[in-house]
Structures are given as C-alpha cells and as structure tokens.
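Here the structure comes first, spelled out in structure tokens, and everything after it is commentary.
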Amino acid sequence: MVKISVKNLNIWFDSTQALKDVSLDIYANEILSIIGPANSGKTTFLRTLNRLNELERQFRMEGAVDYDGVDIHSLDTQILRKKTGMVFALPLPLPLSIFDNVAYGSRMHGIKDKKILLEIVEKALKEAYLWDEVKDRLSTSAFKLSGGQQQRLCIARTLAVGPEVILFDEPCSGLDPISTAKVEQAMILLKETYTIVLVTNNVKQAARVGTRTAFFLSGEMVEIDKTERIFTAPADDRTNDYIEGKFG
Amino acid sequence: MRNSQRSQKIAFSLLFSATLLIVVPVGLIIVLIIQKGIPAIDWQFLTDIPRKGMREGGIFPAIVGTLYLVAGAIVFSLPIGLLAAIYLSEYAKDNALNRIIKLAIVNLAGVPSVVYGLFGLAMFVVFFKFGASILSGSLTLGIMILPIIITASREALESVPYSFREVSLSLGASKWQTIRHIVLPNAIPGILTGTILGIGRAAGETAPILFTVAAFYLPKLPKSIFDQAMALPYHLYVISTQVPNVDEKIRYGTALVLLVLVLFMNLIAIVIRYQFRKRKKW
Amino acid sequence: MRKFKEFIIEKLILLCGLASIFFVALIFLFLLKEGIALFKYVGIGEFLFGKKWYPISEPPQLGILPLILGSIMVTLGAAVISIPIGIACAVYIAEVAPSKFKEALKAGIELLAAIPSVVLGFIGMVTLVPWIKQVFNIPTGLTALSGSIMLAFMAMPTIVSIAEDAFYSVPKTYKEGALALGATHWQTIYKVLIPASSSGILAAVMLGIGRVIGETMAVMMITGNAAVIPKTLMQPVRTLTATIAAEMGEAVVGSEHYFALFAVGIVLFVISFFINVVADLFLHQKKV
C-alpha cells in the first residue's frame with residue numbers, strides 16, 4: 001500500500017536547485033533508507049514531506065506529494081505534521097522537563113487531562129525504550145539526559161503525537177555506537193506500527209535497518225530498490241562506488 | 001621596529017587616557033551625588049510633601065508621580081512593543097515593509113525628547129483633550145520608550161534557537177502555539193531586561209513631561225489619571241533653576257533619589273541578564 | 001475556535017508591527033498640524049533666517065537663526081571634543097583593554113548612558129559652570145563652551161558603543177593577516193581596523209551628533225539661554241531644544257508663539273530624521 005507518493009518533485013532555494021525531478025513511492029510499514037553524500041538533497045526531500053522546508057524564505061517547489069492519495073498542500077499543515085512525525089539530526093529536547101517534552105505535542109492538540117497525558121507519555125517512552133531509565137525523574141529537565149537518551153526522548157516525543165509516518169533525519173549522527181544500536185533497535189520495532197523514512201549518511205545503518213534503500217546524488221535520485229539489491233547488485237555504477245566508499 | 005613599538009606604547013597610553021577622560025568623571029559624578037545627597041535623605045524627605053516653596057519638606061509627591069507615570073508608560077508600551085517584536089522576529093519577511101519598520105524604529109529612538117513633549121502636548125493634551133495629566137504624560141513616555149522595548153524584545157526572541165521552533169512545528173503545533181509556548185517563555189529574561197531599561201529611561205526623562213503632565217508645585221497626591229502630578233526629574237529641574245535659595249542639600253538629595261531609582265532599574269536589568277546567561281540551557 | 005483566536009492574535013501582531021511607522025507618522029503629522037499655522041504670519045525664509053527671536057514682543061519677531069546657530073555652535077563644540085575621545089575609547093575597549101577591565105569600562109559607559117540628563121545638567125551647573133567662569137575669568141560660566149563639554153560627555157555612550165560594535169564586526173582574518181605580516185598591534189589598528197570599520201564609525205559619529213542636537217534639559221540648564229547670534233564659545237547661547245522646553249510652558253495655545261515653537265519642533269524632527277536615515281544607510285553598507 002502506498003503511503004506517500006512523490007511525483008516529479010523539483011525544489012529550489014533561491015536560485016539553487018536542491019532536488020531534481022524526484023519521483024518515488026513510500027509504502028506503509030516499511031523502512032525506506034535514503035543514503036547519499038552531503039548536499040545530495042536527502043534532508044531537503046525529508047523536510048518536503050512534512051512541509052518544514054516552506055519555512056525557508058527562498059523556497060520554491062514544483063511537482064506533487066500525495067499523502068494517502070491526497071495532495072499535502074490541500075491538507076491542514078498541522079494535521080499533516082501530526083501524522084508525519086520528525087526526529088532531527090541532533091537530539092533537540094525542548095527546554096522543558098522530560099514529561100513536558102513528551103506531552104508537548106498532545107497538549108498543543110488540545111489534550112489537557114493529566115491522566116490521559118500520563119498514559120500517552122508512558123506509552124511513548126516505553127515505545128522508545130526510555131521509560132525504565134527516566135520513569136523516576138519525569139519532572140527533571142530534559143537537558144539532564146545523555147545524548148542517546150535525549151534522542152530517544154525525541155523519538156518518544158514524536159510518537160506521543162500519534163503519527164503514521166516517522167521521518168528520521170540522520171538520527172544517529174551525534175551518537176556513540178551503543179546509543180546508535182539502541183535507536184536502530186527501536187526503529188526496527190517501530191516499523192510494525194509506523195512507516196519510516198530514514199535519511200542517513202551511514203551506509204551500514206541503511207543496510208542494517210532498511211527495507212528498501214534510495215540513493216540520492218546532487219539532488220537526483222539515482223536509484224531505489226530493495227536494500228539487499230542496492231547493496232549486492234546496484235543498477236548504477238555511482239551507487240556501487242558510493243557504497244564501496246569511493247566517494248562520500 | 002623599536003620605533004614602531006614606541007609609537008604603539010604612546011598610542012595605547014593616549015587611548016587609555018581618553019577612556020579615563022570618560023569613565024573617571026562618571027565615577028566622580030556618582031560619588032559626588034551620593035556624598036552630598038545622603039545627608040538630605042531621611043524618612044521625612046522621602047515621605048513628606050514639599051514645604052515652604054519647596055525649600056523644606058520632602059519629595060514624596062514627586063516620587064509617587066514618577067512611579068505613576070512609569071507604570072502608565074509600561075502598561076501602554078509593553079504589550080505593543082512585545083507584539084511588534086514578535087512581528088519582526090517571527091512574521092516579517094525580508095522585504096521593503098520590514099526595512100521601513102526598522103527604519104521607523106530607529107527614527108522613533110532618535111526623535112529628540114523635547115519633540116516628544118511637543119507631540120504629547122498637541123495630540124494628548126490639546127487634540128484628545130486629556131489636558132496636562134498623568135494619562136497624557138504616560139502615553140507620551142510610552143511611545144518614547146517603545147523602541148527600547150521593541151529592540152530588546154526582538155533580540156531576546158531571536159536568540160531562542162531556530163531549532164526549537166522547528167521541533168514544535170514538526171509536532172503539529174501552530175505558529176502561534178510555538179511562539180506562545182516555546183519562544184516567549186525562553187525570551188522572557190531579555191524582554192524583562194528591555195522593559196526595565198525602558199522604565200529607567202521613562203523615570204529619568206524630563207522634556208517629554210514638561211508640557212504634558214508635570215506640575216511645578218502640587219503638594220498633594222494625584223487622585224486619577226486625569227490629574228496633573230509632580231515628577232522627580234522635573235522637580236529637580238525646578239529646584240535647581242526656578243526656585244532661588246534652595247538648600248544645596250535638598251537639590252543633591254533629590255538628584256540622589258532620582259539617580260538611585262534609575263540606576264537601580266539598570267542594576268536589576270544587569271542582574272537578570274547575568275543570571276540568564278549563567279543558566280542558559282542551550 | 002482556536003483557529004479564529006489565532007487569526008485575531010496574528011492580525012494584532014501585524015498591527016503592532018506597523019505601530020512604529022504609525023507613531024513616526026503621527027508625530028510628524030501633529031507637529032505639522034500645529035506648526036504649519038505659523039506660516040500664515042511669517043514666511044519660511046523669515047522664520048529660518050530671521051535674526052531676531054522676540055516671541056513676546058508686539059508684534060512678535062520669530063526668526064530662529066540665533067537658535068539654529070546656537071545649536072550648531074554647541075553641537076560643533078561637542079563634536080570636536082567627543083569624536084576623537086569617543087573613538088579612542090572605543091578602540092581601547094575593543095582592542096587594548098584586558099578582558100576583565102573591559103567589562104568594567106563598558107559598565108561605566110552604560111552607567112553614563114543611564115544617568116538622566118536633568119541630573120547631568122544639575123551636576124554641570126554646580127561643577128562645570130563655576131569652573132569655566134573661574135578658569136576663563138568671564139562674567140558667567142553659563143556658556144556655549146559649558147554646553148559643549150557637557151554634551152560631548154553625554155554623546156560618549158552612543159559613539160563608544162556603536163563604534164565598538166563596528167570594530168567587532170571587522171572579520172578576524174583582516175587583523176590576523178596584518179599581524180602575521182609583522183605589523184604591530186597599533187599599526188594593525190590604524191591601518192586595517194579603523195579603515196575597515198569606517199562606515200560604522202561614521203554612523204557612530206552621526207548618531208552621537210543626533211544625540212547632541214536633540215539633548216534638552218542639560219543644555220537648557222547650563223548654556224545661559226540668551227537668544228542672540230553667538231560670536232564666541234564664551235558667551236551664553238540658546239539652542240532649538242532649550243527654546244521649546246523653556247517657552248512652551250508660557251506660550252498660549254493657538255498663539256503665533258505656540259505655532260512657532262512647533263515649527264522649531266518640525267526643524268528638529270527633520271534634522272533627526274535625516275541623521276538617523278543616513279546613519280542607518282552607513283550601518284547597512286557595512287553588512288554587504
């Protein structure tokens with residue numbers, strides 16, 4: 001089942017073109033990894049899906065992005081963003097307590113009941129494998145957590161809103177290997193319930209968790225296929241060169 | 001080489017003397033006012049009305065008048081200034097209108113204080129028929145400190161990391177919710193600092209209140225916002241230049257009270273700024 | 001419902017965003033409204049270049065040339081004193097002072113900016129004025145010179161802080177490049193740093209002058225307020241600002257005198273507008 005369908009997407013910031021004619025489908029309950037060197041347009045692509053790019057002043061876009069068959073521009077931005085949660089490259093806790101971080105989205109969507117909020121927070125923290133580590137100090141500042149914990153807190157915060165799709169933007173770039181493993185483990189389990197788009201510059205990570213993998217280069221999508229296939233028999237030489245580390 | 005070293009030495013000592021030329025008098029002025037003003041300060045001076053043609057008694061009505069004026073100015077200009085700052089930091093696009101607004105703020109800050117007085121007289125006292133009153137004076141001072149509040153609040157808002165806004169929006173919060181729950185709470189120390197500096201400025205200004213509110217001699221407290229009032233800076237002007245044979249002690253005492261009020265505001269602002277920097281979480 | 005509330009709030013924000021423009025326009029309009037009536041009685045040329053300011057004689061003579069010259073004289077005097085000292089101080093704070101000392105100096109300058117002008121006027125009256133009288137052995141110390149010194153002092157915070165910002169905005173690489181070539185610190189300052197920040201320094205000077213022209217209370221208290229065309233710095237003068245402050249209290253609303261004081265206000269507004277716009281241009285040039 002196609003969850004998000006992108007057709008002929010072109011994006012410019014000012015006069016620089018960041019994405020060139022990208023078309024791809026994202027299926028429900030898959031992990032789609034997007035790999036590619038810096039400035040290949042991966043993050044721009046991701047931020048198109050929840051319309052976060054549009055905050056930039058010089059942003060211009062052509063083409064269509066459909067969510068469940070509906071053009072995202074005909075959806076209410078807040079509802080779209082509620083359905084497509086995002087986890088950023090660096091752990092970005094808000095300057096609030098652990099509890100308030102996780103409850104933030106739900107509160108903004110009008111949930112005020114303390115008991116319901118507590119349930120939501122507990123469920124989200126459990127899903128992100130953080131509950132046991134923080135359950136006794138929910139009211140302390142989120143900045144007191146370690147980097148890996150902070151990133152899992154951010155995942156929990158995203159889950160608490162009740163998204164259908166989760167957009168990960170290089171979520172492990174600031175983390176050590178152990179924290180990375182924990183985040184990846186969480187991702188694989190989340191796939192059961194959510195659709196995941198993972199932008200990463202860590203090729204091995206894509207190989208470990210991706211159902212399918214897309215390779216981006218200079219704003220173009222070079223190819224997209226099942227992860228095993230991309231890593232064993234890519235159709236394009238450039239993909240092969242990148243995966244083997246000949247450039248990056 | 002040795003020559004250039006020597007000229008550097010000379011140049012730096014000249015620069016240092018220039019700096020002393022500014023800073024030392026500041027210190028001397030403050031020491032002088034404190035030294036000569038303290039003997040005048042007692043309970044009666046602070047709580048009594050002026051007596052015997054302002055040559056004796058206290059300055060209580062002037063203190064109260066200044067507090068009323070400052071409170072009025074803040075009530076008027078804080079909401080407008082804060083919202084204006086939010087507009088500039090969160091909504092304004094990089095276009096001509098934005099340039100014009102910024103230029104208007106710069107100009108508002110540059111208008112001579114006595115011109116504010118004229119404006120207040122023409123608009124509030126005469127046109128709106130508020131008369132010389134606390135209302136007219138507060139509104140005039142309020143407009144005068146608007147640029148201070150806008151500029152400081154804007155800086156405070158802009159210093160909140162952009163990523164916080166992105167996170168909040170990505171969770172489906174609306175733009176206003178993001179401002180209200182994330183940006184504003186984290187900008188409060190800066191906004192407070194600006195507000196307090198505005199208060200200090202409003203408390204010390206004389207020219208804008210000359211024709212809009214200030215009473216030469218009014219030995220009672222104002223009862224409503226439509227009453228005239230005495231004010232500390234104007235009172236100091238009056239007893240320094242308009243009333244002969246006022247004991248020097250009273251003049252210095254009045255100057256000291258005004259100075260302490262204004263510097264105290266600045267001190268609070270500095271403390272808040274310092275505390276904030278120390279506790280900054282990002 | 002929430003959408004509606006937010007719609008209202010966002011409109012309110014826009015409205016307040018425009019408030020500054022509105023107030024500047026309002027100030028100008030009200031000055032114009034009250035000031036323009038003067039020109040029914042007096043020609044613009046006669047007003048600006050008339051040599052006699054006798055507002056309460058019959059008929060009143062409303063020439064502001066003595067006031068303009070008074071303002072110019074005091075301002076020039078203040079500029080001559082404050083520009084070199086102010087810039088030197090900015091250089092010292094930005095480049096030479098050890099970092100702990102730097103904070104103390106900056107605090108001292110901020111302190112100066114915070115002292116109300118009426119307090120400085122009072123201090124000038126009791127210290128500077130008698131001193132001038134004694135040193136120069138003149139009949140009164142209430143002179144243009146006293147005003148110039150006091151105003152120079154009051155312009156310092158503006159000049160120092162803006163010039164200092166200008167120095168900080170010079171890219172570090174410029175300085176490092178010059179130092180690497182073997183220039184002394186001082187050579188680097190006057191050959192690289194000062195030229196590179198010249199537009200910022202110019203803006204600092206202009207805004208300092210703007211502050212001086214607009215200053216009212218201190219000037220009124222120590223310049224003697226004689227509305228005659230000044231010949232030397234050693235005589236009393238009367239500035240545009242002091243004229244308004246001193247006379248508006250007595251002027252009858254709707255009289256020629258009242259209109260004339262508003263016309264003086266227009267002159268001041270136009271001068272400050274011009275200064276601020278030009279200074280702003282200089283400050284923006286820097287960023288390109």
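Note that the structure is a prediction, hence the values are computed from the model and not measured. Numbers restart at 1 for each chain; the letters A, B, ... are given by sequence-line order, proteins then strands.
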Does A/M108 offer a backbone N or O that forms a donor-acceptor pair with the side chain of B/Q177 under 3.5 Å?
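Answer holds: yes.
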
[X] versus [Y], closest heavy-atom pair with distance:
{"X": "B/E166", "Y": "A/E56", "result": "OE2-OE2, 4.5 Å"}
{"X": "B/A173", "Y": "A/H109", "result": "N-NE2, 4.5 Å"}
{"X": "B/Y162", "Y": "A/L55", "result": "OH-CB, 3.3 Å"}

Could you give the distance from [atom1] ([X]) to [atom2] ([Y]), rounded to the nearest 0.5 Å?
{"X": "B/S174", "Y": "A/Q78", "atom1": "OG", "atom2": "CD", "answer": "4.5 Å"}
{"X": "B/L171", "Y": "A/R81", "atom1": "CG", "atom2": "CZ", "answer": "10.5 Å"}
{"X": "A/N50", "Y": "B/L169", "atom1": "CG", "atom2": "CG", "answer": "9.5 Å"}
{"X": "B/S168", "Y": "A/L92", "atom1": "OG", "atom2": "CG", "answer": "12.0 Å"}
{"X": "B/N186", "Y": "A/L94", "atom1": "CG", "atom2": "CG", "answer": "8.5 Å"}

Heavy-atom distances under 4.5 Å only: say whether [X] touches chain B with side chain, backbone, both or neither.
{"X": "A/P93", "result": "backbone"}
{"X": "A/T84", "result": "backbone"}
{"X": "A/R47", "result": "side chain"}

Close contacts, residues 94-124 of chain B versus chain A, judged by heavy atoms under 4.5 Å:
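Within residues 94-124 of chain B, near chain A: B/D94.
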
Residue [X] excluded, over 12 heavy atoms near [atom1] under 6.0 Å:
{"X": "B/F264", "atom1": "CZ", "value": "no"}
{"X": "B/R165", "atom1": "CZ", "value": "yes"}
{"X": "A/D14", "atom1": "CG", "value": "yes"}
{"X": "B/Y274", "atom1": "OH", "value": "no"}

Name all residues meeting the side chain to side chain donor-acceptor pair (under 3.5 Å) criterion together with A/Y67; count only those two or more places apart in sequence or in a different chain, and write none if there are none.
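Expected list: A/E164.
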
Relative to the ring of B/H181, is the ring of A/Y104 parallel (under 30°), tilted (30 to 60°) or perpendicular (over 60°)?
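Aromatic pair A/Y104/B/H181 classed perpendicular.
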
